[in-house]
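Scope of the values below: all heavy atoms of this structure, side chains included, with no hydrogens, waters or symmetry mates. Computed from a prediction, not measured in an experiment: that's the story for all the values here.
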Amino acid sequence: MPELKNDVFLRALLREPVPYTPIWMMRQAGRYLPEYRRTREQAGSFMNLAQTPELACEVTLQPLRRFGLDAAILFSDILTVPDAMGLGLQFVEGEGPRFARPLRDETAIAALQIPDLNRLRYVFDAVSLIRRELAGAVPLIGFSGSPWTLACYMVEGAGSTDYRQIKTLMYQRPDLLHRLLDTNAQAVTAYLNAQIQAGAQAVMVFDSWGGVLADGLFQQFSLRHTRQVLGGLLREYDGRRVPAIVFTKGGGQWLADMAQLGCDALGLDWTVNLAAARHVTSDHVALQGNLDPMALFGGDAAIRAEARRILADFGQVGSGSGHVFNLGHGISQFTTIDAVTSLVDEVHTASRAYHAA
């Protein structure tokens, strides 16, 4: 693989000194880009787009051609793993992902197997192709859903507003849910390690629905199995440290617990103050975040002001601390190109004052 030219993102995750705060955006390859929409139309469906390595590579690279971002993230979906387990993933227009065979009883959960990674070969082929096409410009992030978040979709069968099916299982048969989560954790670990071996230089675990759990239950059913994943990850590969990021949407109240997970960085949603997060975590991990994606609709002055506010909240960055600028969740499809340009420019420019020797 080509030598990496810009490693600021990786060094920030490892809490090493960097000249400025690096930035990338969750869902940065997406519908707000006209070129993405054209490629998606060419693919014919979301699944075709994600399962064709050449097209997945193309859309991964698209935002980097427009913006001075400091990392690329693999274009894929968190539900590739349960799909490979045989649950029958479909993307229904206007409704989102849906499984044909959700897990609703003990027999189905008992039959669940860690997937044959050859069924996910298209993901690993995309990772290798993207690494080659990046030509060392910036690092590539691989990712997966957390065991809990995957289980939510696998039991509910689709997105949910009340999580009735999986919470019923959790309260009635916690043993059965832990069995499902343990299988998911083993699958996610193998999946992320295969991405690392294919070329991913950092990995991220999206615990998108961890925040729907009550205190105490979050630690049992989400945190425990995310820790299981992190314990099995390749943390060194090809002579380099492979940083791991964990993002729990709605998880700000559990930062002290999450800082002990063993990851290198924690992603934060926009409800968390970065100064408070630094205090709670004692700079034990780097922090990633956390602009409200809706701030990108405020116009140039507001976008720049919000970027400066977040940089000021984190404060001085030195050896032993790290900040990666990001959104507090995925970018909206209605965001303008100019808004992203303003954000990236402001972060790169204004952050340098916080990295002065």
Notebook entry, point to check: Taking the side chain from N290 and the backbone from L268, do they hold a donor-acceptor pair closer than 3.5 Å?
Noted result: no
Next item on the list: Salt-bridge test for R38 and E41: reply yes if a basic N is under 4.0 Å from a carboxylate O, no otherwise.
Entry: no
Check: Testing T189, T183, D182 for side-chain hydrogen bond (donor to acceptor under 3.5 Å, both in side chains) with Q186, which one passes?
Finding: D182
Notebook entry, point to check: Can you check whether P82 reaches Y153 side chain to side chain, under 4.5 Å on heavy atoms?
Noted result: no
Notebook entry, point to check: So, does R11 use its side chain to make a donor-acceptor pair with the main chain of V18 at under 3.5 Å?
Noted result: no
Next item on the list: Compare every heavy atom of L230 with every heavy atom of A244, then report the nearest pair and how far apart it is.
Entry: CB-CD2, 3.8 Å
Note to self: Taking the side chain as everything from C-beta on, heavy atoms only, tell me whether L55 gets closer than 4.5 Å to V59.
What the structure shows: no
Check: Between T52 and E54, is there a donor-acceptor pair closer than 3.5 Å when you use the side chain of the first and the backbone of the second?
Finding: no
Item checked: By ring pair (Phe, Tyr, Trp, His ring centres under 6.0 Å) - contacts of Y163 (at least two apart) -> W209
Next item on the list: Decide whether D269 and T271 meet the rule of one side-chain donor and one side-chain acceptor closer than 3.5 Å.
Entry: yes
Note to self: Do W24 and F9 have side chains that approach each other closer than 4.5 Å (heavy atoms only, starting at C-beta)?
What the structure shows: yes
Item checked: Q195 versus S144, side-chain donor and acceptor atoms under 3.5 Å -> no
Check: Under the 3.5 angstrom rule, does the side chain of T149 hit a backbone N or O of S208 as a donor-acceptor pair?
Finding: yes
Notebook entry, point to check: For W148 and N184, does a side-chain donor sit closer than 3.5 Å to a side-chain acceptor?
Noted result: no
Next item on the list: Could you please spell out the steps behind the salt bridge (charged side-chain N to carboxylate O under 4.0 Å, His left out) verdict for R235 and D264?
Entry: CA-CA 10 Å; R235 305 306 286 271; D264 298 285; 2.8 Å; yes
Next item on the list: Determine the minimum heavy-atom distance between G136 and P2, stating which atoms define it.
Entry: N-CB, 3.9 Å
Notebook entry, point to check: At their closest point, which heavy atom of F314 faces which heavy atom of L287, and how far apart are they?
Noted result: CE1-CD1, 3.9 Å
Next item on the list: With sequence neighbours left out, write down each residue that passes ring pair (Phe, Tyr, Trp, His ring centres under 6.0 Å) with Y32, or none if nothing qualifies.
Entry: none
Note to self: If I compare all heavy atoms of V81 with all of A187, which pair ends up nearest, and what's the gap?
What the structure shows: CG1-CB, 3.9 Å
Check: Under 3.5 Å, side chain of Q288 to main-chain N/O of L266, donor-acceptor pair present?
Finding: no
Next item on the list: Would you tell me whether Q253 and D215 have side-chain atoms, one donor and one acceptor, within less than 3.5 Å of each other?
Entry: no
Next item on the list: Return yes if some donor-acceptor pair links the side-chain N/O of E156 with the main-chain N/O of I166 below 3.5 Å, else return no.
Entry: yes
Item checked: Test applied, side-chain contact (heavy atoms from CB on, under 4.5 Å); reference residue, I303; option that passes from D345, L343, V340 -> L343
Note to self: Test your reading of the model: is there a side-chain donor-acceptor pair from S282 to the backbone of H284, 3.5 Å cut-off?
What the structure shows: no
Notebook entry, point to check: Is a side-chain donor or acceptor of R119 paired with a backbone partner of M85 at a separation under 3.5 angstrom?
Noted result: no
Checklist line | F143 and its ring-ring contact (aromatic ring centres under 6.0 Å, His included) partner, picked from F206, Y191, F247 | finding: F206
Check: Shared ILVMFWY cluster between I114 and V155, side chains joined below 4.5 angstrom?
Finding: no
Checklist line | Aromatic ring pairing F46/F91, orientation class (parallel under 30°, perpendicular over 60°, tilted between) | finding: tilted
Note to self: Taking the side chain as everything from C-beta on, heavy atoms only, tell me whether R304 gets closer than 4.5 Å to S342.
What the structure shows: yes
Margin query: With a 4.5 Å cut-off on side-chain heavy-atom distances among I, L, V, M, F, W and Y, is there a chain of contacts connecting L120 to L233?
Written below: yes
Next item on the list: Begin with the C-alpha distance, continue with both residues' side-chain angles, and end with the deciding distance and a verdict on side chain to side chain contact (heavy atoms under 4.5 Å, CB included) for L327 and L296.
Entry: CA-CA 10 Å; L327 307 181; L296 293 172; 4.2 Å; yes
Check: For the residue pair A12 and P22, what are the closest heavy atoms and their distance?
Finding: CB-CG, 3.7 Å
Next item on the list: Consider only side-chain N and O atoms of S146 and H225, and report whether a donor and an acceptor are under 3.5 Å apart.
Entry: no
Next item on the list: Give the intermediate values and the outcome of salt bridge (charged side-chain N to carboxylate O under 4.0 Å, His left out) for residues R179 and D175.
Entry: CA-CA 6 Å; R179 180 171 181 168; D175 60 314; over 6 Å; no
Check: Is any NZ, NE, NH1 or NH2 atom of the basic residue among D238 and R240 found under 4.0 Å from an Asp or Glu carboxylate oxygen of the other?
Finding: no
Check: Is there side-chain contact between W254 and S222, with at least one heavy-atom pair below 4.5 Å?
Finding: no
Solution key, residues 63-79 side-chain donor-acceptor pairs under 3.5 Å, sequence neighbours excluded:
| from | atom 1 | to | atom 2 | distance (Å) |
| --- | --- | --- | --- | --- |
| R65 | NH1 | E58 | OE1 | 3.3 |
| R65 | NH1 | E58 | OE2 | 2.9 |
| R65 | NH2 | E58 | OE1 | 3.1 |
| R66 | NE | E35 | OE1 | 3.3 |
| R66 | NE | E35 | OE2 | 2.8 |
| R66 | NH2 | E35 | OE1 | 3.1 |
| D70 | OD1 | N6 | ND2 | 3.0 |
| D70 | OD1 | Y20 | OH | 2.7 |
| D70 | OD2 | I23 | N | 2.9 |
| D70 | OD2 | H348 | NE2 | 2.7 |
| D77 | OD2 | L79 | N | 2.9 |

Item checked: Least distance between heavy atoms, A56 atom then A50 atom -> CB-O, 4.2 Å
Check: With distance as the sole test, does R308 use its side chain to make a donor-acceptor pair with the main-chain N or O of A350 at under 3.5 Å?
Finding: no
Margin query: I'd like to know if the side chain of H323 and the backbone of G289 have a donor-acceptor N/O pair within less than 3.5 Å.
Written below: yes
